[in-house]
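Notes follow the structure.
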Amino acid sequence: MPISIQHVSFGYDTRSSGSGTFSLCDVSTTITRGSITGLLGPNGCGKTTLLKLIAGVLRCGQGGIALNDRALAQFSKRELARHVALVPQETHPAFDFSVLDMVLMGRHPHLGTFQLEGPEDLSIAHSCLAATGTAHLAYRPFTTLSGGEKQRVVIASALAQEPEVLLLDEPTASLDLAYQLEVASLLARLNQDHEVTMVVATHDLNLAASLCDSLVLLRAGRILAQGPTRDVLTASMIQQLYDVETDVQVHEPSGHLTVVPIRRRPRP
């Protein structure tokens, strides 16, 4: 299911707080079906906002977003949740749910009003736990898990929605190196085995280099560049994006680009 984003603008009106208005400005891009697309850019550039717009959590101020040539505005929230799932940066449940209960929440878009989960829903939840390597945690309280375990369970819950598009906001933030590698490997496997289209917002340039087919670079709410990862992730473009001088090389053993920051080079 391709995602078409055409001339999208969006603003948060914060005049009451005296901090002005932040916005996405005339953003246009296309997410190819079955791809993994990375959203890169400094804090506050609009990555999370764009994910929320694609997920239908926010509505475009101008322009439009379409899934498979159908305008997002034509989907009900329940219907859209059957196609698109969002994995936020952090998840804080209001109650001490078990891991299995957390994953079963992903089945809600497929249930009718007041309908309870049935055997098929339970089977799908267990399958998603197995796919994310968390089946052994099914009856543990979610709050007792480590950060990496929680992230995999939240991804399992998103998979339980049976989406065609998976949106991930900083999926490896605050994780140690082992869990970063584990989550990256999980996403690559899910993309390959389940053909799930993914959009990943991240600050981790090396994660983007190893995982993503294409990149969209955002700065101050506008697209600075977009295209295949190897074409876009260059030292020159990174300096324009972050004001940081870097060394970008192909790492032969892994076969993908690696990015080493050298020094900050603020704009004049």
Side-chain angles (χ1 to χ4, degrees), residues 35-41 43 47-48 51-52 55 57 84-107 122 124-163 165-213 215 229 251 253-261:
S35 67
I36 304 181
T37 299
L39 301 181
L40 302 182
N43 289 329
K47 299 188 300 295
T48 297
L51 289 183
K52 289 182 177 180
V57 176
V84 180
L86 174 64
V87 176
Q89 290 187 35
E90 295 181 345
T91 301
H92 301 287
F95 302 99
D96 197 12
F97 294 108
S98 73
V99 165
L100 182 58
D101 287 335
M102 290 290 293
V103 177
L104 281 170
M105 290 179 191
R107 298 301 300 157
L122 192 62
I124 290 171
H126 280 293
S127 176
C128 293
L129 285 168
T132 55
T134 53
H136 64 292
L137 302 172
Y139 300 101
R140 283 266 303 273
F142 179 78
T143 55
T144 67
L145 305 184
S146 69
E149 290 169 336
K150 286 180 179 177
Q151 192 71 330
R152 286 185 289 152
V153 168
V154 174
I155 292 172
S157 180
L159 288 177
Q161 291 178 221
E162 298 184 301
V165 177
L166 185 59
L167 311 173
L168 301 111
D169 195 1
E170 298 290 348
T172 59
S174 303
L175 300 183
D176 65 32
L177 183 59
Y179 277 127
Q180 289 177 30
L181 291 171
E182 196 169 283
V183 169
S185 177
L186 167 63
L187 296 179
R189 189 172 71 251
L190 291 174
N191 172 256
Q192 183 174 7
D193 295 348
H194 296 263
E195 299 182 341
V196 178
T197 302
M198 297 184 184
V199 183
V200 183
T202 182
H203 287 296
D204 189 336
L205 302 188
N206 287 302
L207 170 69
S210 64
L211 182 65
C212 299
D213 310 308
L215 300 176
T229 298
H251 184 251
S254 64
H256 59 71
L257 296 176
T258 57
V259 180
V260 178

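Please read all numbers here as calculations on a predicted model, not as lab measurements.
A heavy-atom distance below 4.5 Å is not found between the side chains of Val87 and Pro171. At a threshold of 4.5 Å between non-hydrogen side-chain atoms, the residues Tyr139 and Leu100 count as touching.
For Glu90, the side-chain contact (heavy atoms from CB on, under 4.5 Å) partners at least two apart in sequence or on another chain are His92. In terms of the side-chain contact (heavy atoms from CB on, under 4.5 Å) criterion, residue partners of Asn191 (sequence neighbours excluded) are, by chain and number, Ile36, Met198. For Glu182, the salt bridge (charged side-chain N to carboxylate O under 4.0 Å, His left out) criterion is met by Arg152, not counting sequence neighbours.
In this structure, Ala158 and Pro163 approach most closely via the heavy-atom pair O-CD, 3.3 Å. Between Val154 and Pro88 the shortest heavy-atom distance is CG1-CD, 4.3 Å. Closest approach of Leu104 and Ala125 over heavy atoms only: CD2-CB, 3.7 Å. When all heavy atoms of Gln151 and Val183 are compared, the closest pair comes out as CG-CG2, 4.5 Å. The shortest heavy-atom contact between Ala156 and Cys128 is O-CB, 3.5 Å. In terms of heavy-atom proximity, Thr229 sits nearest to Cys212 at OG1-O, 2.7 Å.
In terms of modelled atom types and a separation under 3.5 Å, the side chain of Lys150 and the main chain of Thr91 share no donor-acceptor contact. In this structure, Thr134 contributes its side chain and Leu129 its backbone to a donor-acceptor pair below 3.5 Å. Judged by distance alone, the side chain of Ser35 and the main-chain N or O of Asp213 form no donor-acceptor pair under 3.5 Å.
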Just do the side chain to side chain contact (heavy atoms under 4.5 Å, CB included) check on Thr48 and Gln89 with the steps written out, would you?
-> CA-CA 9 Å; Thr48 297; Gln89 290 187 35; 3.8 Å; yes
Test log, rule side chain to side chain contact (heavy atoms under 4.5 Å, CB included), inputs Leu207 and Gln180 | CA-CA 8 Å; Leu207 170 69; Gln180 289 177 30; over 6 Å; no
Does the pair Val199 and Leu39 meet the rule for a side chain to side chain contact (heavy atoms under 4.5 Å, CB included), with working shown?
CA-CA 7 Å; Val199 183; Leu39 301 181; 3.8 Å; yes
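Crowding of Gln192 atom CD: a count of heavy atoms from other residues, nucleotides or ligands under 6.0 Å not exceeding 12.
Once rounded to the nearest 0.5 Å, the distance linking CG of Leu166 with CD of Gln161 reads 9.0 Å. Rounding to the nearest 0.5 Å places CD1 of Ile155 at 7.0 Å from CG of Leu190. To the nearest 0.5 Å, atom CE of residue Met102 and atom CG of residue Leu137 are 12.5 Å apart. The CD atom of Glu149 lies 10.0 Å from the CZ atom of Phe142; values are rounded to the nearest 0.5 Å. Atom OG1 of Thr202 sits about 10.5 Å away from atom CG of Leu215, to the nearest 0.5 Å. Thr37 contributes atom OG1, which lies 10.0 Å from atom CG of Leu211 (distance to the nearest 0.5 angstrom).
Pairs passing the salt bridge (charged side-chain N to carboxylate O under 4.0 Å, His left out) check and including a residue from residues 91-107, sequence neighbours excluded, read Arg107-Asp121, Arg107-Glu162. Sequence neighbours left out, not one pair with a member in residues 166-177 passes salt bridge (charged side-chain N to carboxylate O under 4.0 Å, His left out). For residues 187-205, no pair satisfies salt bridge (charged side-chain N to carboxylate O under 4.0 Å, His left out), with sequence neighbours left out.
In the model, Asn206 has no side-chain atom that pairs as donor or acceptor with a side-chain atom of His256 under 3.5 Å.
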